[in-house]
Structure formats: structure tokens, C-alpha cells
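Data first, discussion second: the structure below is written as C-alpha cells.
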Amino acid sequence: MLINKKNQVSKDWLDTLNPEQKDAVKTTEGPLLVLSGAGTGKTRVLTSRIAFILERNLSKPWEVLAVTFTNRAAKEMQQRVGKIVGPVAESIWIGTFHSIANRILRKHPKLVGLDNDFTILDQDDQLRLLKQLIEDDGYNLNNFTPKVLMSWIQFCKDKGLEPENVPFEMMGELSNCNVIDLYSKYQDKLKSLNCVDFGDLLLHCLNIFRDNEEILRKYQSKFKYILVDEYQDTNVCQYLWLRLISQMYRNLCCVGDDDQSIYSWRGAEVENILRFENDYDNSKVIRLERNYRSTPNILYAASNLISYNKDRLGKNLTAAYYDKQDKGDKITLRGVWDSEQEAHWVVSEVDSLHSKGNLLSSIAVLVRAGYQTLEFEEKFISSSIPYRVFGGPRFYERLEIKDIIAYLRCVCSDKDDLAFERIINKPKRGIGDSTLKKIRSNSKAYQTSLIQSARDLVETDELRSQTKNNLNILLSFFSEWRESLDILNPADLVKKIIEDTGYVEILKKDSSQESQGRVENLAEFSRTLEGWDTIKSFLDHVSLVMENEVSLSNDFVTIMTLHSAKGSEFDNVFLPGWEEDVFPHRRSLDESRVGALEEERRLAYVGLTRARNKVFISYAANRRIYNQWQSNLPSRFLSELPNEILDIITETGIVLGGKKHVSKLETSYINQNRNNDNNLDLSVGIRIFHQKFGYGKIISIDNNKLSINFEKAGNKKVLSSFVELPP
DNA sequence: GTTTATCGTATTTTT
DNA sequence: TACGATAAAC
């Protein structure tokens, strides 16, 4: 029960919601789908809804389950609910799909053949394990890489399929390499090591629900209200999981936006959201279409673009904060000669925004792929504008940190073979492949863990005395550390391990800035550990929360991929690289899947709708990718933006071709080396040939840049190295 | 067992 | 170009 004063506050938050939001908050009973467009306040709805449920005393806090995809989202929700309802928010089940599944799985590990203290593997470990299996069993991969097989297994898990349930069609091209068998062996191996991978967290949890009626009932009756964020990103496994767990009370509220589904390649199925009304009888759908973020112009552009997609539920976003007169600034569209100029232009615009009083933190550069960040970084550095690239290797993923974590894992558990393998020769101590192979075969023969089998081997004369010695030193360190487990706190133990192994010494010898950073990271790591009582609880945390918590004190420009931009917003957004083959990405065009291009378009939609006030889009006629110069046509998405809200500045001679889509043939590109000056005798009036644009006559020459009137493609500017004389 | 050379390959990555 | 994975050389 909440006291009066709180009620006062609560009343306030309810009153400031718009009618649709209020409806979504108050419709607590029955299945509810909230279609919430970008910037329509979905987090607000979710948090208010939880607060409403608690305030009306419809359930206890621990009977509410709220799932998200990212830790960031979970944390934000927890905090915002806490602001309304106070400390009781702590006992609400708020978390990512994986962390909730983990929490449940920890209670019943035996049911899926695991021990209480199972380890969660990351991608590295998963792959290492799989490679080992492939090697041990002499698999014929038919030219498929272990990575491909791994992602296939992951794909099955996303679909909620155990090896024995995988249908033949799912195997696709891999049907001739025994993948199902491999999948099955992989699962066995995981179990024998008492490990799970990320997919398993959900899959095991789902299987527990499927196979154990009483336990399923228990959770079904526990969670009276269930809320799901970003429903469009759920995969089949998550979908089935939600179906089961919500079956009793059926108070399932899913919030999502089909237009922002950009993770199909990770197993997400837009169909889940498209099907909601069919899946749940007597369900209600509420649309949130009032956008509190962007100007009318930006919304108009975004809506126009996304309208080219079929198979949408359809939404009309209207700008809440603007009146009919003020539509906001137009979208700036800039065409440039090459990617270097593009970066130059972006940085100069950033500079001018900054000098007009905009904080750098109000500015973001959103790119399609990681490699595009480089050129911007260089320009930002030379202009001494602070920036930060998001999505680089995260803190706990750094090599040195993973090494130390592996040490900790070994200390905690004798059985952690993968961790042991990782550090057995790190830092180098003269224990290489052949020794490891001996240990492995020994462990296989006697069914012991690697560490135990190493201990056994040291007692024999199987190893050379040098290696034997080295291994012995390591093993005695292990027992020493294990003894101090109860005496030292985690942070001190880490310091001891770092010292004993000489890890830092080695890094310090190498005076590159990189190892400098590594030393600092290690120091940072032991500081992080100071807040933890036991190493085990810390390790569990690490595997689920990979985020790098950096202090965000300074003002800087954000550079990130469009994918990681989902969920954030900025006053000023730069969207560079809008060219065919870059965005939409070449791979999505190659794919025969029709949906691939639509997903690219949704990505463009996500990009546009990140912006509050200003959008700057640019494209370059030439771009260096892997040191190859590529000339590209403007993205088809540009022609899907309404012309009247564009402010076009072009200097490439490449003019937008109206609504006409660029054909596949035209986009097929050629790679040529720019430096490969072909010393042609070029002069005005000469007829030349260009691989992409065909035949044309030279109009003018500016150093290596030529203006050419092409017979089919019209006037273009091209590099001289791209043209050849007709045969 | 460690270092060096060569080859191949290159989206997006919430956990 | 740059990184990783494998192969040959030290």
C-alpha cells in the first residue's frame, strides 16, 4: 500500500500521459499490444504501467515481470519505476531475457542436467569448444567454417529447437556435413563441462517449462503481469517462452514497433508482432502515434521512406511538439566527391553546430558498418573535437580482462576446461600445443577435468622436465590461490594473480600504447571487483552484463552504427554513406531474401527517427573500402525521401534520378586501384569507356577528375583511372 | 615451442 | 588495409 504523498506524485504522472498512453497503462487485464512508433514514449508507458499496477495493488512487486533486450533498457526501466514507486521497485522482476532466464535456470539446473554453479560461455569459448569437437571427431566441414556451423547452431537455438527436433529443411546447404550430429555433440559437451551458452539460457528454461508442468504452473501463477519491451525483436524461443509463462493470467503487454525490427539476422522475427492479434484471443491493440521527439519534417521524411515497405502494421506518426507553421529545419542532403570529403564536411558541420552553442553530446554520426567510423575518427582527431565510438570491444571482452577472468574461473572451478585452456600458456610459459594435446587425451581417457589430468601428468615422466616444471609452477599457484579464496577478498586475489603470473611485467616490457592501456584495464578491473563479496557472483554478473561502464562526464560527439543507435536520441544526427552497396548494404542486395532490403530500409528509418531537430544525410561518389576505390551511386533510399523537405547540396554531378530505382545491373561495381594511373592520353572531346557508366565524351579535365557526358548515364564526374579508351 | 610468413577474407552483434 | 588463422622456419 502506498502512502498518500506518493499517491499525489503518482496522480501527476498519470495525468501527463496522452489518451492512448493512458489507455495502454490502464488496460492491465488481458493481452495487449502497444504499437509504439519511434519517440512516442514507450518507456514511459511501460514504467507508468508497472507503477499503476503496483499502486492499484493489483499485484505484489515480485509478481510483475518485465523483460527487455539490453541491460541498458532494464536498468533504465528499473530506475524510472523506482522514481515513482520507491524502493519496492527492487523486487520487481525486471531484466533482460537472458538474465531472467538465468535466474530461473539457477533454481532448477538439475532438470536440464546441470549443476548449480554452471558457467555461462561467451562466443569465444563457444567457438573454441566447437573447433575442438570438430577436430577430435574429424568432421568433414565441406568448406564451411566453424563459425558458420556455430551460427547455425545458434540459429536453431533461437528457434527453440533441440538437435533431435531440427527439421530437415532447416539444414539448408549444411545438410551434407552432419551438423545435427555436431549440434548434439556440442550440447553434450556443454553439459559435461557444466556450461551453457547464451542461447541455452533461454532454451533450457523453455524446456524446463515444457517438460515440468508443476514448475511451469508455479511461474505462471507467480507472474500476474508480464511486460515485454521491443517485442519486434523477439525470436521464436523467446516467443514460446512468453506464451507459456503468460498462459494463466494472460496479462501480457508487449510493446514494440514493427518498423524498427532490424535484428532478423540475430533470429528476431517480425512476424511475432505482426501475428499478435491472432496469437492471443481477445487481445487489444493500442497505437502510439504521437511523437514527442522529432520535427514534422523529419517525421514526414521517415514516414515517406518507410511507406515503401510492405507487410507493416502501419502507423502515422504526428509531431506532438510542433504546430502547423513550424515544420522544423529541412533535411540537409549533401553529395560529395569521396568519403574523405564526406568526413571533412561532417566534421565542419559538427564544428559549426558546436560553435553555435550545441553541445557535442547532442550530436551523433550514425553509420551503416563499423569500417566507416575510421575516417570520421581521423577528422575528429585532427580537428581536436572529442568523440567516442560506441560498440568497440567492450570492457569484459578485452583480451587481458578475459585472461584474468579465465584465471578466476579456474580458481573457482576445477572443471572449467575452457578457462584452463585459455590461460595454460598465458603469459607464455613454454606449454604449447603438444603438451596440451597430451593433457587433453589424458583427460579424455580417464574422464577427468583438464586441470586434474594436468596434475596427474606432472606426476609422470610423460613430459619433458622443462615443461613439467613450468606446469607444476602453474598448478601450485592454483592451489595457493584456491586456499586464499576464503582469506582474501576478490579484488586482492586478482592483484595476487596478476603479480604471481607476471602478467603485468610482460605487458610493461612491451612499451606500445596498447599494452599501456592493458595495464590500466587490469587496474580498472581489480577496482571493479572491490564491490563484490564473492567471485562466483561476480563471474555470473560479468557474463550477463558485458557493458563497459565509462564515466560520461565529458562532452563528446557520438559515433556508432545504426544498429546500436536504436533506443537513443540526439538533437543533431548525421547519416553518412547513403550509397548503393553501402546503404543498403551490398549483402542485403545480394541476398535473395526479399525482406533483406526492407530491413535496410527500417534501418534508415531508425536512423532518421533518432533526430530531434536536424538531420544531415550525405553520400560520396567514391569510397575507399579495404583500400579499393569504389564508385557508388546514391542510395535508392534518397529517392524515397520527399523532395520538398530536402535541402540539396551536390557537387558530384550525380543528380538524384527522381523516383526511379537504380537497377541491379547498374549497381554492379568495379574495383580499380586509384594509384594505378593508366597514363592515357586524355583530352577534352575524346570518347572513353567506363565500366559502370559505359561510353561517353570528356567535357572537361581537372587533374585526375574528369567530367564526362555519358551516352546512357548522362553527365558524371569520374576519376581518370576509372576510364579506358574504347577498343 | 616460439617466431615469422603467407594467405584469405572482410555487415549489422542487444546477451 | 588489417586482422586472424594456418604453415613453415627458427
Side-chain angles (χ1 to χ4, degrees), chain A residues 67-75 95-102 120-124 126-128 131 135 143 145-147 151 154 157-158 196-203 229-230 232-235 237-238 260-268 366-375 390-394 396-397 399 424-425 427-437 463-464 466-467 470 540-547 560-568 577 581-591 596 599-600 602-604 606-607 624-629 673:
Chain A
V67 271
T68 63
F69 277 87
T70 64
N71 289 301
R72 193 173 89 191
K75 206 166 163 188
T96 60
F97 272 102
H98 292 88
S99 71
I100 300 281
N102 178 48
I120 304 166
L121 261 38
D122 64 11
Q123 263 146 346
D124 262 20
Q126 290 171 39
L127 202 60
R128 193 128 32 88
K131 277 181 186 164
E135 204 179 317
N143 283 333
T145 61
K147 250 189 192 150
S151 64
Q154 220 53 60
K157 292 188 175 181
D158 287 343
V196 298
D197 62 22
F198 279 115
D200 280 341
L201 286 172
L202 280 150
L203 187 57
D229 192 17
E230 308 272 20
Q232 79 282 350
D233 286 338
T234 49
N235 61 34
C237 189
Q238 289 156 341
Q260 291 186 66
S261 157
I262 53 176
Y263 280 106
S264 74
W265 49 277
R266 284 283 247 127
L366 308 181
V367 297
R368 171 68 247 260
Y371 66 81
Q372 288 171 269
T373 61
L374 227 103
E375 244 157 336
F390 278 73
R394 283 169 294 182
Y396 294 128
E397 274 173 350
L399 291 179
I424 187 167
N425 202 24
K428 294 217 160 62
R429 49 171 73 89
I431 305 172
D433 254 9
S434 58
T435 313
L436 187 57
K437 275 210 177 97
L463 304 172
R464 286 194 312 179
Q466 185 68 36
T467 29
N470 293 334
D540 206 30
H541 165 82
V542 164
S543 35
L544 285 169
V545 181
M546 298 294 277
E547 268 165 0
M560 58 180 162
T561 64
L562 286 159
H563 281 91
S564 41
K566 197 176 68 165
S568 47
D581 287 359
V582 175
F583 189 38
H585 196 279
R586 182 125 204 280
R587 292 277 265 257
S588 72
L589 298 169
D590 287 344
E591 270 184 74
E599 184 148 317
E600 294 285 302
R602 291 195 288 270
L603 207 44
V606 167
R624 192 172 49 184
I625 298 173
Y626 310 124
N627 212 27
Q628 299 258 311
W629 282 92
N673 201 322

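Proteins come first, then strands; the chains are lettered A, B, ... in the order of their sequence lines, and each starts at number 1.
Note: CD (A:Q260) to P (B:dT14) measures 17 Å, nearest angstrom. The distance from atom CZ of A:F198 to atom P of B:dT15 is 8 Å, rounded to the nearest whole Å. One interatomic measurement links the two molecules: CD of A:Q372 to P of B:dA10, which rounds to 18 Å at whole-angstrom precision. Distance CG (A:L562) to C1' (B:dT13): 14 Å, rounded to an integer number of Å. For the pair A:Y371 OH and B:dT11 C1', the interatomic distance rounds to 8 Å; values are reported in whole Å. If you take CD1 of A:I262 and P of B:dT14, they are 11 Å apart, rounded to a whole angstrom. In this structure, A:N470 places its CG atom 13 Å from C1' of B:dT2, rounding to the nearest Å. As a whole-Å value, the separation of A:D229 CG from B:dT14 P is 16 Å.
Contact annotation: the side chain of A:V367 approaches that of A:T373 to within less than 4.5 Å [non-hydrogen atoms, C-beta and beyond]. Taking 4.5 Å as the limit, every side-chain heavy atom of A:L202 sits out of range of all side-chain heavy atoms of A:K157.
In this structure, of B:dT11, B:dT14, B:dT2, it is B:dT14 that holds the atom nearest to the side chain of A:T70. Nearest nucleotide to the A:R368 side chain, out of B:dG1, B:dT15, B:dT12: B:dT12. The A:Y263 side chain lies nearest to B:dT14 when the options are B:dT11, B:dT2, B:dT14.
The side chain of A:N235 contributes no N or O atom lying less than 4.0 Å from OP1 or OP2 of B:dT14. For the pair A:N71 and B:dT15, the criterion of a side-chain N or O lying under 4.0 Å from OP1 or OP2 is met. Phosphate contact (OP1/OP2 of B:dT13, side-chain N/O of A:T561, threshold under 4.0 Å): present.
Nearest heavy atom pair, residue A:E599 against residue A:Y263, reads OE2-N, 3.5 Å. When all heavy atoms are compared, the tightest approach of A:N470 to A:R429 is ND2-O, 2.9 Å.
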Evaluation steps, salt bridge (charged side-chain N to carboxylate O under 4.0 Å, His left out), between A:E230 and A:K566
CA-CA 10 Å; A:E230 308 272 20; A:K566 197 176 68 165; 3.5 Å; yes
In sequence, state the C-alpha distance, the side-chain angles, and the governing distance for A:R266 and A:D233, and then conclude on salt bridge (charged side-chain N to carboxylate O under 4.0 Å, His left out).
CA-CA 9 Å; A:R266 284 283 247 127; A:D233 286 338; over 6 Å; no
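The side-chain ring of A:H563 is not stacked on the base of B:dT12, judged by centre separation under 5.5 angstrom and plane angle under 30 degrees. Per the stacking criterion (ring centres < 5.5 Å, plane angle < 30°), A:W265 stacks onto the base of B:dT12.
The salt bridge (Lys or Arg N to Asp or Glu O under 4.0 Å) check on A:D158 picks up nothing, with sequence neighbours excluded. Listed by chain and number, the residues in a ring pair (Phe, Tyr, Trp, His ring centres under 6.0 Å) with A:F583 are A:W578, A:F637 (sequence neighbours excluded). Residues that satisfy the ring pair (Phe, Tyr, Trp, His ring centres under 6.0 Å) test with A:H585, not counting sequence neighbours, are absent from this structure. Listed by chain and residue number, A:D125 satisfy the salt bridge (Lys or Arg N to Asp or Glu O under 4.0 Å) test with A:R128 (two or more places apart in sequence, or in another chain).
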Which atom pairs link the protein and nucleotides 5-9 of chain B when you take only N or O atoms and keep those under 3.5 Å?
none

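Nearest-nucleotide positions on DNA chain B for A:R429 and A:E600 put A:R429 closer to the 5' end. Both A:A369 and A:L436 lie close to DNA chain B; mapped to their nearest nucleotides by heavy-atom distance, the more 5′-ward contact belongs to A:L436.
Taking 4.0 Å as the cut-off between side-chain N and carboxylate O, A:E375 and A:R624 do not count as a salt-bridged pair.
Counting atom types as modelled, A:R72 pairs no side-chain N or O with a base atom of B:dT15 as donor and acceptor under 3.5 Å.
Residue A:F97 is classed as having no contact, given no heavy-atom separation below 4.0 Å to the nucleic acid. If you check every strand for non-hydrogen atoms under 4.0 Å, A:D233 touches a base. Contact annotation for A:G370: backbone-only contact, meaning every heavy-atom pair under 4.0 Å involves sugar-phosphate atoms and none involves a base. Heavy atoms of A:Q123 sit under 4.0 angstrom from at least one base atom. Here A:K566 lies out of heavy-atom contact (under 4.0 Å) with every strand.
With a heavy-atom cut-off of 4.0 Å to chain A, the contacted part of DNA chain C has its first and last nucleotide at C:dT1 to C:dA5.
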